Amino acid sequence: MKVAVFSTKPYDRQFLETANDAVQDCCHQLSFFEARLDVATAPLAAGFPVVCVFVNDNLDAPTLKILAEQGTRLIALRCTGFNNVDRQAVRDLGLKVVRVTAYSPYSVAEFALGMILSLNRKIHRAYNRTREGNFALDGLLGFDLHGRTIGVIGTGKIGLIFANLMTAFGCQVLGYDPYPNPEFTKNPLCRYVPLAELFAQADVISLHCPLSPETRYIINAQAIEKMKPGVILINTSRGALIDTGAVIVGLKSQTIGALGLDVYEQEAELFFEDLSNEIIQDDTFERLLTFPNVLVTGHQAFFTEDALGDIAATTIANITNFATNQPLTNQVS
Ligand code: NAD
């Protein structure tokens, strides 16, 4: 099957080719494009029955229409979230969309934990200081995580692992999830609470829910007002879970004591590219980078060998199922 792979980086190519070579009797023809998929780049996929994309490719109705008219029948997402897909347009055009429903959830859970440790103990600042010959400790004071309360919003695959990691530090974990996970409450240090109670009690809040109309701006000015002063807020899920303007106000008033972001609402214009020679035009993003207690990474929480191997293997298996008329178990409905 001919597959047009968009938003390709060298590591995508390496892991996809390895997974493709491992498929017996059914190797796909992978064509790699560096371009991000959108209306302007969709013509590159002409004649490809399968288009393979990532988190910041734009699968809006006009792009999908071009793909369908050019003969594409399957969109294979190399990610879990599908908030970048216009599902109504997919249905109207008779396309199919498959995704990677699960890949190493440890990758993201461990990264969220790393952000907490860095921000709390100011490791990101100490790294720069010592390189400048500054060994002073002023400004680097943290607190023991042991005995603290952690709030987890979304207790699915990643949130559950994150919660269990935090209990290993001796933390209490408060979860909020409209669809409770029975595995979560098997841990005696984890319990579900209403969202307002989580906001009021937690010393650290980590977001592990998908982006949906219900969760968009789940962290807004009203939510921040309810939080403990000095709370550490971590977002490794999707940028638009957070109203960035409200969070900047919260940082200025010091209600938010530290912020770790691996995702950002407008990240499609920034992340996964080397912009070090450019003038970044996003003033909100630039303001975030001025705070000493803000750590921003460019959507790298998933970026482990294990996760990339899982993503590539599932993506190729999804395409093989389509090519051989097998049931599409990972189809986005
Ligand atoms: P999952 O589907 O296993 O779990 C999501 C959980 O969120 C579920 O338990 C669900 O019930 C819950 N949820 C749904 N609506 C909610 C709401 N309104 N409030 C609170 N919880 C709600 O997903 P997962 O594999 O754990 O992934 C979680 C998110 O992490 C993904 O949606 C994706 O956005 C993000 N992610 C980020 C990266 C990265 O590299 N930064 C990588 C993978 C996934």
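As the structure lists them, so they are numbered: ligands from 1, and atoms in each ligand from 1. What you see is a predicted model, and the numbers here were worked out from it, not measured in a lab.
Checked by atom type, the side-chain pair Thr284/Arg287 shows no donor-acceptor distance below 3.5 Å. Under the 3.5 Å distance criterion, with hydrogens and angles disregarded, a donor-acceptor pair is assigned to the side chains of Ser276 and Asp274. No side-chain N or O of Asp262 forms a donor-acceptor pair with one of Gln300 less than 3.5 Å apart.
The side-chain contact (heavy atoms from CB on, under 4.5 Å) check on Thr329 picks up Asn321, with sequence neighbours excluded.
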Which donor-acceptor pairs under 3.5 Å do side chains of residues 39-51 form with protein atoms, sequence neighbours excluded?
| unit_1 | atom_1 | unit_2 | atom_2 | d |
| --- | --- | --- | --- | --- |
| Thr41 | OG1 | Arg36 | O | 2.7 |
| Thr41 | OG1 | Asp38 | N | 2.9 |
| Thr41 | OG1 | Asp38 | O | 3.4 |
| Thr41 | OG1 | Asp38 | OD1 | 3.3 |

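Screening residues 72-84 for salt bridge (Lys or Arg N to Asp or Glu O under 4.0 Å) gives Asp12-Arg78 as the qualifying pairs, with residues at least two apart or on separate chains.
Protein residues with any heavy atom under 4.0 Å from ligand 1: Tyr103, Val108, Ile153, Gly154, Thr155, Gly156, Lys157, Ile158, Tyr176, Asp177, Pro178, Tyr179, His208, Cys209, Pro210, Thr215, Thr236, Ser237, Arg238, Asp262, His299, Ala301, Phe302.
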